[in-house]
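Note: hydrogens, waters and symmetry copies are ignored here, and every other heavy atom, side chains too, is used. We name chains A, B, ... by the order of the sequence lines, and we start the count at 1 in each one.
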4 protein chains.
Amino acid sequence: MAYQRSALMQERLSENRARILAAARQLVAEGGFRAASITAVARVSGLSTGAIYRYFPSKSVLFVEVLTSAVAHECEILTAIVDGDGSARERLRAAVASFARRALKGPHLAFAFIAEPADPDVEAARILCRRDFGDVFKRVLRAGMASGEFPKQSVDVGAACIVGAFTEALVRPVEHAGGRRSDQALVRAIVDFCDRAVGGTD
Amino acid sequence: MAYQRSALMQERLSENRARILAAARQLVAEGGFRAASITAVARVSGLSTGAIYRYFPSKSVLFVEVLTSAVAHECEILTAIVDGDGSARERLRAAVASFARRALKGPHLAFAFIAEPADPDVEAARILCRRDFGDVFKRVLRAGMASGEFPKQSVDVGAACIVGAFTEALVRPVEHAGGRRSDQALVRAIVDFCDRAVGGTD
Amino acid sequence: MAYQRSALMQERLSENRARILAAARQLVAEGGFRAASITAVARVSGLSTGAIYRYFPSKSVLFVEVLTSAVAHECEILTAIVDGDGSARERLRAAVASFARRALKGPHLAFAFIAEPADPDVEAARILCRRDFGDVFKRVLRAGMASGEFPKQSVDVGAACIVGAFTEALVRPVEHAGGRRSDQALVRAIVDFCDRAVGGTD
Amino acid sequence: MAYQRSALMQERLSENRARILAAARQLVAEGGFRAASITAVARVSGLSTGAIYRYFPSKSVLFVEVLTSAVAHECEILTAIVDGDGSARERLRAAVASFARRALKGPHLAFAFIAEPADPDVEAARILCRRDFGDVFKRVLRAGMASGEFPKQSVDVGAACIVGAFTEALVRPVEHAGGRRSDQALVRAIVDFCDRAVGGTD
DNA sequence: CATGAATGAGAATTCATTCAT
DNA sequence: TATGAATGAATTCTCATTCAT
């Protein structure tokens, strides 16, 4: 009996795939990579462990995709801001502020993806992701230098420093959730720091 | 009559302790906490697994010591610089440059200690260590603001951003060892970034 | 669509659970709790160590169940006898005789359960089990005292002494299996001892 | 250089041996065989682990001696009572009462020796010790039967039952130390039980 | 094609025993 | 001779991955 893969079936397949990714994302967000076992992903997604392996050949591959898709999404948002209107300085401030605000809403996820290693494959993907983040900032740095808004500086290092600066500044309040300063003030301080760092004028 | 513990024996004991710490440090530097199993520490240190437990009551305690001793050492060096002579700006530049140069020599370790989580006990120690690093920079920031060298800014956020910025900027070249720019130029770029970020004048 | 768990599968699951319990029971019977490692249970049951942990969350829980289920079974039998017809004395004799005969068939197990401690959790369960045994005998003692068959005496101590007496008398012949007197005579002697101890008249 | 083993040295040797035995006894009394590791024995005795092995070839041998010497001591006391003056019944009551009172003073030790097994060698010794205990009671049983004080009964079984009865009755209060009945009343109840069991008349 | 029970290598930790000093 | 550091096999438990149903 020949099987026809119906549209319905196709849909279910990609729905399952999405469910698995969502479950993995949620688990990492709630408890880090440590809490994200295949068994847990199966439980949260409502599928079996065997089913996970139908959609992803290994745990590494699954989490590399979780990581890259989340980062790609963030990068799209940042890119839209960086490629938008306004001065380079305005765009940089807006991009940093946007990332910081989003990270403060879903804290552990941002931390895990940016800072937490898992196994070597995921680690390799994480490094590529950080580079992707950096690339967005490189563009606005180049634009600012071209227009004379920013002084001459290393684009590579500047971009990495920006990513590192706001990552680190965001990680700490995340870890002591209680008694943190207002998120507004935190975002503002991070943005000011990056602004001064690249601009040199206040 | 109890036998005197000979000086030779004493020396071997502390030598073994140091060997265990060195082995643990090396394993973390090469492959992160993931690669640092007790078995691996035993193999690299040339001792048995049981011997590890004569010197350290648990894996957690061992790695907390690895972490805190490394960080304490770095903090001492930074503190000496920050408490030295010169303008706040000069001292900040010197501190960042010193850390960056040292990190480039023993690369992965710095990252693993700053960014990589392990088990809850080590994680708790790691958070304290990050705070210690930040504290050093807070002092120079306060000094610069008091003397009017630096504009008014958030000391907490600024310190975290500095730590994050140079950590991130150092991690990337470390991970793609080939084709990196000259270390000198890298250090210079990082220092300039932090300098502008806190000072606002060039 | 979730698949139905077939009756066959259901059966295999409870069969495995039973196999694990049986293997644990056998190992305790043959060599005491000392000989009953998880590895040994896995070997004897024909499963892997990991499989044991699908059915029982820890070694303690497994052995607590082995212990309590065996004791509960014995207690049911004794309770049925003690709550049956006849004089208190007849029921006491029947209960002791029944336990003794059963113990002589599966010897070491009864002893290990009554006398041998293991880890704290199992030990706690063991104490509760001894109390359960004692409770059965307390009832018949109270009945006999109420009816005037037995002289006034401590119910608590009497019950404990009965359990201890037949346990000890059964343990020795069990351990030197060769050359033992006839089981019949042994059971008779134990029953007579307990009978005299509580009744005081022959 | 030929060594002369001086009297002083001889004394120290047997003193050390005694210290080791005392340390082992104390540890078993306080925490059972579980707490009695060779390292712990070394610590408590003030000797090194290596020294333990100069006096005892293995842990088993050490604890077999701890066990047998303690039991031998109890047996001597019981034997003196059993071989003393008075009716068989009086001597039996006195012996049981003596053992019970002593056990209540140093409870864990008696329990560990009577009920708790360790490794196979110690276990074998424990069984022999119980037999030794039983032998004492066999003598008084025989004496009582010969004089017509006790009815005809199995000496072997009776002795075992007596040992089991008072052991069990003593073990329980030991384990729930709080809220126990008065020791006096407990001893009395145990003695009465054994008395009735062998004598048949009140 | 989905299921989830089973696998088994590997992790941290313990401890009786040995042997270089 | 006494020491106690070192050994290493054994223990309990975890989890990514497979495969019979």
C/Leu13 vs C/Tyr55 side-chain heavy atoms within contact, under 4.5 Å: yes

Examine the base of E/dA16 for any acceptor or donor lying under 3.5 Å from a partner atom in the side chain of D/Ser37, and report the outcome as yes or no. no

At their closest point, which heavy atom of B/Ala125 faces which heavy atom of B/Val64, and how far apart are they? CB-CG1, 3.8 Å

What distance do C/Thr68 atom OG1 and C/Leu128 atom CG have between them, rounded to the nearest 0.5 Å? 9.5 Å

Closest to the C/Ala51 side chain: E/dA9, E/dT7, E/dA12? E/dT7

For nucleotides 19-21 of chain F, list the nitrogen or oxygen atoms of the protein found under 3.5 Å from its nitrogen or oxygen atoms, one pair per line.
none

Check this one for me: any side-chain N or O of C/Arg54 less than 4.0 Å away from OP1 or OP2 of E/dG4? no

Separation of F/dT11 P from C/Ile52 CD1 (nearest whole Å): 14 Å

I need the CD-P distance between B/Glu15 and F/dA6, as an integer number of Å. 10 Å

For DNA chain F, consecutive-pair runs of 3 or more (Watson-Crick or G-U wobble, both H-bond-type distances under 3.5 Å) give E:2-21 with F:2-21

Measure across A/Ser48 and A/Ala42 and return the closest heavy-atom pair with its distance rounded to 0.1 Å. C-CB, 3.8 Å

With a cut-off of less than 4.0 Å, is there a side-chain N or O of D/Ser48 near OP1 or OP2 of F/dT3? yes

Nearest heavy atoms of C/Thr39 and C/Thr49, plus distance in Å: CA-CG2, 4.2 Å

Which residue, B/Leu21, B/Asn16, B/Ile52, forms the side chain to side chain contact (heavy atoms under 4.5 Å, CB included) with B/Ser45? B/Ile52

Once you apply a heavy-atom cut-off of 4.0 Å, does C/Leu47 come out as touching a base, just sugar-phosphate, or nothing? sugar-phosphate

Which part of the nucleic acid, if any, lies within contact of C/Ser58, taking any heavy atom under 4.0 Å across all strands shown: a base, the sugar-phosphate backbone alone, or nothing? sugar-phosphate

Would you mind classifying the nucleic acid contact of A/Phe56 as base, sugar-phosphate or nothing, using non-hydrogen atoms under 4.0 angstrom? nothing

Of all the heavy-atom pairs spanning D/Val41 and D/Ala23, show the shortest one and how long it is. O-CB, 3.8 Å

Checking salt bridge (charged side-chain N to carboxylate O under 4.0 Å, His left out) between D/Glu65 and each of D/Lys59, D/Arg25, D/Arg17, which is the one that passes? D/Arg17

How far apart are the closest heavy atoms of B/Phe63 and B/Ala24, and which atoms are they? CE2-CB, 3.7 Å

What is the distance, rounded to the nearest whole Å, between atom CZ of B/Arg17 and atom P of F/dA6? 12 Å

Atom CG of C/Leu62 to atom P of F/dC13: distance rounded to whole Å? 10 Å

Starting from P on F/dT11, measure out to CZ on C/Arg34 and report it in whole angstrom. 11 Å

Numerically ordered, the residues 38-45 of chain B set in heavy-atom contact under 4.0 Å with DNA chain E is B/Ile38

Comparing nearest nucleotides in DNA chain E, the 5'-proximal residue of the pair B/Ala36, C/Thr49 is C/Thr49

Using atom CG of A/Leu27 as one end and atom P of F/dC15 as the other, report the distance to the nearest whole Å. 13 Å

For A/Ala40 against A/Ala35, the heavy-atom pair lying closest together: CB-O, 3.9 Å

Just verifying a value: how many Å separate B/Ile38 CD1 and B/Ile20 CD1, rounded to the nearest 0.5 Å? 8.5 Å

In whole angstroms, how far is the P atom of E/dA11 from the CZ atom of B/Phe33? 16 Å

Does C/Tyr53 or B/Asn16 map to a spot on DNA chain F nearer the 5' end, using the closest nucleotide for each? B/Asn16

Once you round it to whole Å, what is the distance between P of F/dA5 and CZ of B/Arg19? 16 Å

